[in-house]
Colleague: 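Please find one structure pasted underneath; my questions will follow.
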Amino acid sequence: MTSSFQEKVYSVVRRIPRGKTLTYKEVALKMGMPNAARAVGNTLNKNRSKDVPCHRVIRSDGKIGGYYWGAAAKIEILKKEGTI
DNA sequence: CATTTGACGCCAA
DNA sequence: TTTGGCGCCAAAT
């Protein structure tokens with residue numbers, strides 16, 4: 001599959017360094033689509049791939065957001081990485 | 001092909 | 001400040 005849109009999402013998310021977190025909006029903004037934050041989250045959810053550190057993408061509100069394997073697991077990973 | 005879904009974000013009340 | 005509603009976008013049904 002890997003549509004052009006997904007390639008952009010992965011390109012940005014994959015570059016997120018360990019111990020750092022980006023918001024869905026920031027990712028969308030880097031793609032050149034400032035208002036596609038929702039589509040970004042939707043793409044990561046459907047893909048459920050570990051090839052990309054999608055757990056480093058959180059909401060702009062400061063909330064954890066979501067995770068295919070559960071938000072709790074997402075938080076746990078961030079803690080292990082030192083983000084929290 | 002048309003409609004609904006969903007890991008979002010911002011504004012108004 | 002907190003809650004509700006509206007707008008946006010791509011993928012799935």
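In what follows, chains carry the letters A, B, and so on, assigned in the order in which the sequence lines appear, proteins first and then strands, with residues in each chain numbered from 1.
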Colleague: Find the distance A:Met31:CE to B:dC8:C1' and express it as a whole number of Å.
Modeller: 12 Å

Colleague: Taking for each residue the nucleotide of DNA chain B with the nearest heavy atom, is it A:Ile58 or A:Ala39 whose nucleotide lies nearer the 5' end?
Modeller: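 On the 5' side of the pair lies A:Ala39.
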
Colleague: Are any of A:Lys25's side-chain N or O atoms less than 4.0 Å away from OP1 or OP2 of B:dC10?
Modeller: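 Answer is yes, contact under 4.0 Å.
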
Colleague: Under 4.0 Å between a side-chain N or O of A:Thr43 and OP1 or OP2 of C:dC9?
Modeller: no

Colleague: What integer distance in Å separates A:Arg48:CZ from C:dA12:C1'?
Modeller: 12 Å

Colleague: Less than 4.5 Å apart, any side-chain heavy atom of A:Ile75 and any of A:Lys79?
Modeller: yes

Colleague: Using a cut-off of 4.0 Å on non-hydrogen atoms, how would the nucleic acid contact of A:Ala37 be classed: base, sugar-phosphate, or nothing?
Modeller: sugar-phosphate

Colleague: For C:dC9 and A:Asn35 - does any side-chain N or O of the residue sit under 4.0 Å from the phosphate oxygens OP1/OP2?
Modeller: yes

Colleague: Is any side-chain heavy atom of A:Asn45 less than 4.5 Å from a side-chain heavy atom of A:Asn42?
Modeller: no

Colleague: Using whole Å, what does the distance between atom C1' of nucleotide B:dA7 and atom CG of A:Leu44 come to?
Modeller: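 After rounding, the gap between these two atoms is 7 Å.
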
Colleague: Given that both distances must come in under 3.5 Å, which nucleotide forms a Watson-Crick or G-U wobble pair with C:dA10?
Modeller: B:dT5

Colleague: If you look at every strand shown and take non-hydrogen atoms under 4.0 Å, does A:Tyr24 touch a base, only sugar-phosphate, or nothing?
Modeller: base

Colleague: Between A:Lys8 and A:Met33, is any pair of side-chain heavy atoms under 4.5 Å apart?
Modeller: no

Colleague: Return whichever of A:Asn42 or A:Thr23 has its heavy-atom-nearest nucleotide of DNA chain B closer to the 5' end.
Modeller: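 Result: A:Asn42.
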
Colleague: Whole angstroms only, please: what is the CG-P distance between A:Leu29 and B:dG9?
Modeller: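 These atoms are roughly 12 Å apart.
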
Colleague: If we ignore hydrogens and angles and just use 3.5 Å, is the side chain of A:Lys25 paired with the main-chain N or O of A:Ser60 as donor and acceptor?
Modeller: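 Looks like no, no N/O pair under 3.5 Å.
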
Colleague: Less than 4.0 angstrom between a side-chain N/O of A:Ser60 and OP1 or OP2 of B:dG9, yes or no?
Modeller: yes

Colleague: Would you say A:Arg59 places a side-chain N or O within less than 4.0 Å of OP1 or OP2 belonging to B:dG9?
Modeller: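 Checking B:dG9 against A:Arg59, a side-chain N or O does come within under 4.0 Å of OP1 or OP2.
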
Colleague: What is the distance from OH of A:Tyr68 to P of C:dA12, rounded to the nearest Å?
Modeller: 12 Å

Colleague: On DNA chain C, compare the nucleotides closest to A:Arg38 and A:Phe5; which residue's is nearer the 5' end?
Modeller: A:Arg38

Colleague: Partner of C:dT2 by Watson-Crick or G-U wobble geometry, both contacts under 3.5 Å, or none?
Modeller: B:dA13

Colleague: Can you tell if the side chain of A:Glu76 reaches within under 4.5 Å of the side chain of A:Trp69, non-hydrogen atoms only?
Modeller: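 A side-chain contact under 4.5 Å is absent here.
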
Colleague: Distance check needed: B:dG9 P versus A:Leu22 CG, whole Å only.
Modeller: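 Taking CG of A:Leu22 and P of B:dG9, I get 12 Å after rounding.
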
Colleague: Could you tell me the separation between the CG atom of A:Asp61 and the C1' atom of B:dC11, rounded to a whole number of Å?
Modeller: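 After rounding, the gap between these two atoms is 13 Å.
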
Colleague: Mind calculating the distance between CD (A:Glu7) and P (C:dA10) to the nearest angstrom?
Modeller: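 Atom-to-atom, A:Glu7 to C:dA10, this comes out as 15 Å.
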
